[in-house]
Student: 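Below are the structure tokens for one structure; questions will follow.
Below, read A as the first sequence line, B as the second, and so on, with proteins coming before strands; counting in each chain starts at 1.
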2 protein chains.
Amino acid sequence: MCNRLLNDLIDIWQLLGHSHNVAWLMGKARTHNGSSTPTIRDVARAAELSVASVSRVLNRHDNVHPETRDKVHRAMRDLGYVPNAAARSLSTAKANAIGVVLPDLYGEYFGELVRGIDRAVGKHGKLLLLSTIHADLALAASAMGAMRGRTDGLIVMAPELSRADLDTVIPAGMPTVLINSPEDAAHFNLRVDNRAGMMLMVRHLLARGCRSIIHLGGRPENLDAAERTEGFRMAMADLAPDLAADVLQGDFSEESGERLVQQLLSKGSRFDAIFAANDMMALGAIQALKTVGISVPDEVAVAGFDDIPLARHLGLTTLAVNIAATGAMAVERLMIELAGEAPAPQLVRTSARLVVRESTSRR
Amino acid sequence: MCNRLLNDLIDIWQLLGHSHNVAWLMGKARTHNGSSTPTIRDVARAAELSVASVSRVLNRHDNVHPETRDKVHRAMRDLGYVPNAAARSLSTAKANAIGVVLPDLYGEYFGELVRGIDRAVGKHGKLLLLSTIHADLALAASAMGAMRGRTDGLIVMAPELSRADLDTVIPAGMPTVLINSPEDAAHFNLRVDNRAGMMLMVRHLLARGCRSIIHLGGRPENLDAAERTEGFRMAMADLAPDLAADVLQGDFSEESGERLVQQLLSKGSRFDAIFAANDMMALGAIQALKTVGISVPDEVAVAGFDDIPLARHLGLTTLAVNIAATGAMAVERLMIELAGEAPAPQLVRTSARLVVRESTSRR
DNA sequence: GCCTTTTGTGTAACCGGTTACTTAATGACC
DNA sequence: GGTCATTAAGTAACCGGTTACACAAAAGGC
């Protein structure tokens, strides 16, 4: 009846050309009938209470009469009311979600990291906003900008951005934790201790008797790739200064590992170990060796970096990073910052553990 | 100067005890100075324009004078302005993000699905809100409720929820696409054609000469697991009615596959093929067989389902589902629904492709 | 019984954008 | 020169919550 009245009024005004009033009234009419999703005001009306009381029930304030609480609950159930998160975020300036920005990662790394972050975020009762960036600065900026208002904090993994770019791209005042990104005085940064890891593996390969080790590196723009290559050179210089430290450049993809080894073989190079900068390239290398009938590990030892799930199944010797745990750790640190207890930002290195499997076992 | 005035006023009012006015004024003062993140009104003030003009520039309307546009851009840059997504969502009723709700999946399935969805969502310039559920109905409801106002649509994968529960849990009026979930008249549903897949594999195993095939099933509450087990029984009844169709129940985990085969072996059962309901269990089975020195495929053929990346590396015969593509397809369908062109909801079955590898190659 | 707390509820001003409608200014045309 | 169309910019009312403050009623203290 109320709506009928309103609609008549709308018709009249429409005839008179008062389109502004019409739009306004139609908005009112809409919230009155059930066609649109109900708002807190609809609940208040149904429960014959004010919006303040409904809001207090929603937020579990304790100064609400039990009877009132029941009335509100009944009204919410009847209307199928679900609060609007955008409105809530706007008025409280809290989004109850955290944003994750990372590159479209190779292989299983992506899934493992997202899984680790997601679990930790869920444990804190928050949602996860995911955005992948593709090495484009402008896109990275817009991705992080899009998080403004929807997230309370950010976890950023940008191994291919420069330190300066990172600074311009992270919105000012947004609590942010970095993973495997350039060092930055303003933010906590979680990095793998690549150099120490490389040292461990080189020592292992030398101990196993390898004399000509070839390192398959990632693209030098990638921070971890660069550190690993440098770590390889340092380790070789330290532990076996008389041996050559050969480095070839790939791009972390399985295909590049396979291609590089094929090239080596076709050139007739001699080598007894391949140490790739990540597991995917190591798997590619094994593939190439197997194809031409070279035995791993008897003729050539192969090692990787990361310890993705595949590595265990394929018996690949590698450096274990525990990717999921890294993600979870970043979340925990971010939560601390959000709680206001902000210890000085710092660079934390997580150590890589040497995992010896068949691909480098002694003959 | 303006702020100085305001602050004096605040002091006076504070003395007088008008705390309400003080709070209000302090809010005003805050937006005037640079301590807080700038709003559109700050930009308007800096550019000496109205908020409407700033908004028009932001949204690339064409009825803005070029000079005005420049002034706004300059002011935004100077202030480091980033629009607040919550406010924008609230007033436009568009969130420019889509929500994904899925269980904490086994193995690589999770990562692949998220990757596929994320890529497709990014292609449409939207963000991805991720929430994992853990078979708890109330939590599932709250997870989906939390999406209200933050997302324009939902992609839900709930293979362990009943049809009725699903209906109560999906917020009314929210465009939703289902993946591997119970059938539901109201929503588009993307499912794997499990039965046809099982038929393909059983035919392959029989053709290879297997005579006693054992199926390792998942938990029957899981929709796909149930269909696969049923499909196995049907295929066996169809293609080899004289042979036994043995079924053991696992839970999709690698460990359960290993355990089931160990039990079989310790009981002294005879069999020449293991057909697991997913790849992870198949890998567990291979592990168990290898440990006791049974050759795969010479003595026992092993097959799985899903074709996770691991399967290719380990030479596991399986049924390829293309998980990432499924996720992308769900996104595309959701986009169509969001564009308003809403074809009738329907159940679409994606077929599984038989991929024969070493684990079932002829001896 | 009167005054002071306590408790519960309502009112209305925010949060930071968008946009319908209005108005001012400029140009076009007779 | 006056009228009408066009363009550019401004005003203010929304979106749907939260919450400070006001206020009424009930409870407690003397």
Side-chain angles (χ1 to χ4, degrees), chain A residues 13 17-28 30-31 36-45 47-69 71-72 76 81-96 148-150, chain B residues 13 17-28 30-31 36-45 47-69 71-72 76 81-96 148-150:
Chain A
W13 259 332
H18 291 224
S19 51
H20 181 228
N21 290 318
V22 170
W24 180 78
L25 259 186
M26 278 168 71
K28 286 288 164 198
R30 186 166 51 75
T31 45
S36 175
T37 46
T39 74
I40 196 172
R41 281 166 237 270
D42 297 316
V43 175
R45 193 166 17 241
E48 298 177 297
L49 287 161
S50 73
V51 291
S53 290
V54 177
S55 179
R56 278 187 282 258
V57 170
L58 268 174
N59 295 291
R60 299 190 162 70
H61 290 196
D62 50 2
N63 54 341
V64 181
H65 197 93
E67 200 175 294
T68 303
R69 197 190 315 277
K71 277 204 285 188
V72 170
M76 292 199 302
Y81 171 73
V82 182
N84 181 312
R88 189 175 273 185
S89 300
L90 183 57
S91 67
T92 58
K94 303 234 91 257
N96 226 34
R148 168 87 200 283
R150 342 171 95 116
Chain B
W13 258 331
H18 290 224
S19 50
H20 181 228
N21 289 319
V22 169
W24 179 78
L25 260 188
M26 280 167 70
K28 286 289 166 197
R30 185 166 51 74
T31 44
S36 175
T37 46
T39 73
I40 196 172
R41 281 167 238 269
D42 297 316
V43 175
R45 192 163 20 239
E48 299 177 294
L49 287 161
S50 73
V51 292
S53 290
V54 177
S55 180
R56 278 188 282 258
V57 171
L58 267 175
N59 295 291
R60 298 187 163 70
H61 290 197
D62 52 1
N63 54 342
V64 182
H65 195 92
E67 200 176 298
T68 303
R69 197 190 316 276
K71 278 204 283 186
V72 170
M76 293 199 301
Y81 171 73
V82 182
N84 182 312
R88 187 174 272 184
S89 300
L90 183 57
S91 66
T92 58
K94 304 233 91 258
N96 225 35
R148 171 85 199 285
R150 335 172 101 115

Student: With respect to the phosphate group of C:dG16, does any side-chain polar atom (N or O) of B:Arg88 fall under 4.0 Å of OP1 or OP2?
Tutor: no

Student: Rounded to whole angstroms, how far apart are CE on B:Met76 and P on C:dG16?
Tutor: 17 Å

Student: Strictly distance-based, threshold 3.5 Å: is any side-chain N or O of B:Arg148 a donor or acceptor partner for the main-chain N or O of A:Val82?
Tutor: yes

Student: Search all heavy atoms of A:Arg45 against all heavy atoms of A:Asp42 and return the closest pair with its distance.
Tutor: NH2-OD1, 2.8 Å

Student: For residues 47-66 of chain B, which side-chain donor-acceptor pairs fall under 3.5 Å, sequence neighbours excluded?
Tutor:
unit_1  : atom_1 : unit_2  : atom_2 : d
B:Ser50 : OG     : B:Ala52 : N      : 3.4
B:Ser50 : OG     : B:Ser53 : N      : 3.4
B:Ser55 : OG     : B:Asn59 : ND2    : 3.4
B:Asn59 : ND2    : B:Ser55 : O      : 2.8

Student: In whole angstrom, what separates B:Ile40's CD1 from C:dG16's P?
Tutor: 11 Å

Student: Between B:His65 and B:Ser91, which residue's closest nucleotide on DNA chain D lies nearer the 5′ terminus?
Tutor: B:His65

Student: Using a cutoff of under 3.5 Å, can you pull out all pairs of nitrogen or oxygen atoms linking the protein to nucleotides 5-7 of chain D, with atom names and distances?
Tutor:
none

Student: Taking the nucleotide of DNA chain C with the closest heavy atom to each, which residue, A:Thr68 or B:His61, is nearer the 5' end?
Tutor: A:Thr68

Student: Atom CZ in B:Arg88, atom CG in A:Leu90: separation rounded to 0.5 Å?
Tutor: 13.0 Å

Student: I need the residues from residues 47-60 of chain A with at least one non-hydrogen atom less than 4.0 Å from DNA chain C; give them sorted by number, or say none.
Tutor: A:Leu49, A:Ser50, A:Val51, A:Ala52, A:Ser53, A:Arg56

Student: Would you give the length of the straight line joining atom OG1 of A:Thr37 to atom OH of A:Tyr81, rounded to the nearest 0.5 angstrom?
Tutor: 9.5 Å

Student: Using atom CG of B:Asn96 as one end and atom P of C:dT18 as the other, report the distance to the nearest whole Å.
Tutor: 12 Å

Student: For B:Arg150 and D:dG16, give me the distance from atom CZ to atom P, rounded to whole Å.
Tutor: 16 Å

Student: Would you mind reading off the distance between A:Leu90 atom CG and D:dT19 atom P, rounded to a whole angstrom?
Tutor: 12 Å

Student: Take atom NZ of A:Lys94 and atom C1' of D:dG16, then tell me their distance rounded to the nearest Å.
Tutor: 19 Å

Student: How close do A:Ala95 and A:Gly149 get, heavy atom to heavy atom, and via which atoms?
Tutor: CB-O, 3.9 Å

